[in-house]
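Scroll down for the structure; my scribbles are underneath it.
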Amino acid sequence: MKYVTEYRDAAVAQEYARAIAKVTKSPWTLMEICGGQTHSIVKYGIDELLPKEITLVHGPGCPVCVTPLEKIDKALRIARRPDVIFCSFGDMLRVPGTEGDLFSVKAQGGDVRILYSPTDAVQIAKQNPEKEVVFFAVGFETTAPAHAMAVFKAHQEGIKNFSVLVSHVLVPPAMEAILGSPDCKVQGFLAAGHVCTVMGYTEYEPIAKKYHVPIVVTGFEPLDILQGVLMCVTQLEQGRAEVENQYRRSVRRDGNVEAQKLIREVFSVSRRKWRGIGEIPNSGLSLSKKYSEYDAELKFGLADYDAPESPDCLSGLVMQGRVKPEDCPAFGTKCTPEKPLGAPMVSSEGACAAYFRYRHVSK
């Protein structure tokens with residue numbers, strides 16, 4: 001457990017909490033971007049260690065949660081086809097679409113497989129030339145290189161029975177959308193460390209300057225988050241708005257340059273709809289023209305399909321930091337992990353799932 005337990009030391013956590021209390025003079029609202037950070041905050045009670053002047057709200061950094069409803073419906077339609085082997089990360093199988101989820105398709109006989117690597121799907125395509133093999137490519141900048149590599153590999157090897165259903169989203173445009181809202185209460189960000197491991201943090205610098213908000217690249221363990229909060233609050237109290245890097249053991253300013261090259265080779269920036277939030281300009285990745293033959297939506301004629309979301313689910317407001325999960329009237333009643341209305345209740349990084357599991361909040 002080396003490199004884990006030292007970041008969960010309770011005594012050191014208390015020292016950080018005292019340091020935050022000492023530096024805090026005014027009320028501040030901070031948003032952690034990533035759902036993994038949200039789960040650490042709720043699981044370890046980090047928000048309860050902070051002075052009452054500090055409010056943590058939860059951001060849109062759960063890739064499963066922000067995948068729009070129509071993408072789930074498209075996945076279901078493709079996965080039901082008898083000529084298709086549909087592959088996905090496990091988190092996506094329980095996310096509800098309009099007519100069920102991928103688990104129900106699998107239970108009804110669909111060939112739905114859970115994979116840990118998109119390139120495994122390319123291998124499955126080579127082994128099953130009579131089938132169409134589709135990978136559900138969701139996520140932020142963190143998973144984009146692996147999906148890009150799968151498409152790049154299929155293209156290099158001339159594999160024609162492989163495609164990807166793409167629902168990639170980008171963090172910086174979402175942060176700008178939140179900061180540009182007239183209802184925005186966020187005064188500082190804890191940026192997602194794993195996204196910055198790939199992309200670096202130079203693209204956050206103009207955001208910090210334009211909106212005068214401190215942005216601290218932060219890891220996921222309790223001490224990472226407490227140190228990130230301390231760095232962010234210190235900036236706020238000093239009137240500074242800079243990008244700082246708490247997660248130095250993983251993140252470099254320029255990120256992983258080779259991974260970025262691969263993303264640019266296969267994808268192009270596009271508009272993207274976020275579940276519960278709506279469309280955000282330049283917030284997505286789509287296959288570039290060179291690789292469009294691997295676009296599952298085009299291959300299966302589903303590009304123009306749209307689907308309305310449930311008005312009872314407030315997940316969009318939760319992911320914009322405008323309400324907490326327990327503020328949703330459906331939380332714990334009409335929406336539970338067994339019968340979710342929205343993805344944040346079933347995703348392993350969902351804010352609603354974190355509150356339901358660790359806070360035992362029910363109505």
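No experiment lies behind these values; they were computed from the predicted model shown. Computed over heavy atoms, backbone and side chain alike; hydrogens, waters and symmetry mates excluded.
Taking each heavy atom of Val42 and Ala354 in turn, the nearest pair found is CG1-O, 3.6 Å. Taking every heavy atom of both residues into account, Val57 and Glu32 meet most closely at O-OE1, 2.7 Å. When all heavy atoms of Gly100 and Leu76 are compared, the closest pair comes out as O-CD1, 3.5 Å. Summarising the geometry of Cys34 relative to Ala192, their closest heavy-atom pair is CB-CB, 3.7 Å, with the distance given to 0.1 Å. Listed here is the closest heavy atom pair of Ile280 and Ala174: CD1-CA, 4.1 Å. Taking all atoms of both residues into account, the shortest heavy-atom contact from Gly193 to Val251 is O-CG2, 3.3 Å.
Residues that satisfy the salt bridge (charged side-chain N to carboxylate O under 4.0 Å, His left out) test with Lys106, not counting sequence neighbours, are absent from this structure. Residues that satisfy the salt bridge (charged side-chain N to carboxylate O under 4.0 Å, His left out) test with Arg264, not counting sequence neighbours, are absent from this structure.
Placement of Val112 and Leu302 within a single hydrophobic cluster is found when ILVMFWY residues are connected by side-chain heavy-atom separations under 4.5 Å, directly or transitively. Hydrophobic clustering (side-chain heavy atoms under 4.5 Å, transitive across Ile, Leu, Val, Met, Phe, Trp, Tyr) keeps Ile225 apart from Tyr7. Under the 4.5 Å side-chain heavy-atom criterion for Ile, Leu, Val, Met, Phe, Trp and Tyr, Ile78 and Leu115 are members of distinct hydrophobic clusters. Following chains of ILVMFWY side-chain contacts shorter than 4.5 Å, one can reach Val217 starting from Met31, so the two form part of one hydrophobic cluster.
A heavy-atom distance below 4.5 Å is not found between the side chains of Ser288 and Val266. With contacts defined as side-chain heavy-atom distances shorter than 4.5 Å, the pair Ser270/Asn282 does not qualify. Contact check for Cys65 versus Trp274: no side-chain heavy atoms found under the 4.5 Å cut-off. At least one side-chain heavy atom of Val216 sits under 4.5 Å from a side-chain heavy atom of Gln235. At a threshold of 4.5 Å between non-hydrogen side-chain atoms, the residues Leu223 and Arg8 do not count as touching. Residues Tyr44 and Ile41 form no side-chain contact, since every pair of their non-hydrogen atoms from C-beta on lies 4.5 Å or further apart. With contacts defined as side-chain heavy-atom distances shorter than 4.5 Å, the pair Cys328/Leu341 does not qualify.
Listed by first then second residue, pairs satisfying ring pair (Phe, Tyr, Trp, His ring centres under 6.0 Å) with a partner in residues 61-98 read Phe86-Phe136, Phe89-Phe135, Phe89-His147, not counting sequence neighbours. For residues 275-302, the set of pairs meeting the ring pair (Phe, Tyr, Trp, His ring centres under 6.0 Å) definition, not counting sequence neighbours, comprises His155-Tyr291.
Side chains of Thr197 and Ser250: a donor on one and an acceptor on the other come within 3.5 Å. Remark: the Thr55 side chain and the Trp28 side chain contain no N/O donor-acceptor pair separated by less than 3.5 Å.
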Run Glu242 and Met231 through side chain to side chain contact (heavy atoms under 4.5 Å, CB included) and show every step you take. CA-CA 10 Å; Glu242 302 167 5; Met231 294 166 70; over 6 Å; no

As a quick check of understanding, evaluate side chain to side chain contact (heavy atoms under 4.5 Å, CB included) for Thr143 and Val138, giving each step before the final call. CA-CA 7 Å; Thr143 54; Val138 306; over 6 Å; no

Go through it in stages, so that I can follow the logic: the residues are Arg272 and Ser286, the test is side chain to side chain contact (heavy atoms under 4.5 Å, CB included), and I'd like the CA-CA distance, side-chain angles, deciding distance and then a yes or no. CA-CA 9 Å; Arg272 182 66 71 199; Ser286 299; 3.3 Å; yes

Run the numbers on Ser26 and Glu237 for side chain to side chain contact (heavy atoms under 4.5 Å, CB included), then give the verdict. CA-CA 8 Å; Ser26 304; Glu237 292 289 350; 4.0 Å; yes

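Considering CD of Glu141 and CG of Asn256, their distance stands at 13.0 Å, rounded to 0.5 Å. The structure places CD1 of Ile72 at 9.5 Å from CG of Asp101, a figure rounded to the nearest 0.5 Å. If you take CG on Leu287 and OG on Ser268, they are separated by 8.0 Å, rounding to the nearest 0.5 Å. Separation of atoms CD1 (Ile33) and CE (Met175) is listed at 4.5 Å; rounding is to 0.5 Å. Taking CD1 from Ile46 and CD1 from Ile54, the interatomic distance works out to 14.0 Å, rounded to the nearest 0.5 Å. Going from atom CD of Glu244 over to atom CD1 of Ile215 covers 11.0 Å, rounded to the nearest 0.5 Å.
Distance alone, capped at 3.5 Å, is enough to place a donor-acceptor pair between the Gln37 side chain and the Thr218 backbone. With hydrogens and angles disregarded, a donor-acceptor distance shorter than 3.5 Å links the side chain of Gln320 to the backbone of Gly316. Between the Thr67 side chain and the Pro63 main chain, a donor and an acceptor come within less than 3.5 Å of each other. In this structure, Arg248 contributes its side chain and Asn245 its backbone to a donor-acceptor pair below 3.5 Å. In this structure a side-chain-to-backbone donor-acceptor pair under 3.5 Å is missing from Asp73 to Gly97. Distance alone, capped at 3.5 Å, is enough to place a donor-acceptor pair between the Ser347 side chain and the Glu349 backbone. Remark: side-chain polar atoms of Thr336 are not paired, donor with acceptor, to backbone N or O of Gly332 under 3.5 angstrom. Distance alone, capped at 3.5 Å, is enough to place a donor-acceptor pair between the Thr234 side chain and the Leu230 backbone. With hydrogens and angles ignored, the 3.5 Å screen pairs no side-chain donor or acceptor of Ser283 with any backbone N or O of Lys273. Side chain of Asp224 to main chain of Phe220: a donor-acceptor pair is present (N/O by atom type, distance under 3.5 Å, no hydrogens or angles).
Counting heavy atoms of neighbouring residues, nucleotides and ligands inside a 6.0 Å radius, atom CD of Glu53 exceeds 12 of them. Atom CG of Asp304 is surrounded by 12 or fewer heavy atoms from other residues, nucleotides or ligands within 6.0 Å. Residue-environment remark: CZ (Arg271) stays at or below the threshold of 12 foreign heavy atoms within 6.0 Å.
Ion pairing of Asp254 with Arg252 is absent here, as no side-chain N (NZ or NE/NH1/NH2) approaches a carboxylate O to less than 4.0 Å. A salt bridge does not link Glu309 with Arg275: none of the charged nitrogens is closer than 4.0 Å to a carboxylate oxygen. Classification of Glu326 and Lys324 as a salt-bridged pair fails, no side-chain N sitting under 4.0 Å from a carboxylate O.
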Listing, residues 157-167 side-chain donor-acceptor contacts under 3.5 Å, not counting sequence neighbours, or none:
unit_1: Glu157; atom_1: OE1; unit_2: Lys126; atom_2: NZ; d: 3.2
unit_1: Glu157; atom_1: OE2; unit_2: Lys153; atom_2: NZ; d: 3.1
unit_1: Lys160; atom_1: NZ; unit_2: Glu293; atom_2: OE1; d: 3.1
unit_1: Asn161; atom_1: ND2; unit_2: Ala125; atom_2: O; d: 3.0
unit_1: Asn161; atom_1: ND2; unit_2: Asn128; atom_2: O; d: 3.1
unit_1: Asn161; atom_1: ND2; unit_2: Lys131; atom_2: O; d: 2.8

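In the hydrophobic clustering, Leu69 connects to no other residue, as no ILVMFWY side-chain heavy atoms lie under 4.5 Å from its own.
For His168 and Phe140, the distance between ring centers is not under 6.0 angstrom. Taking the six-membered ring for Trp and the full ring otherwise, Tyr355 and His58 have centroids separated by under 6.0 Å.
Checking each of Glu203, Glu176, Glu205 against Lys210 for a salt bridge (Lys or Arg N to Asp or Glu O under 4.0 Å) leaves exactly one that passes, namely Glu176.
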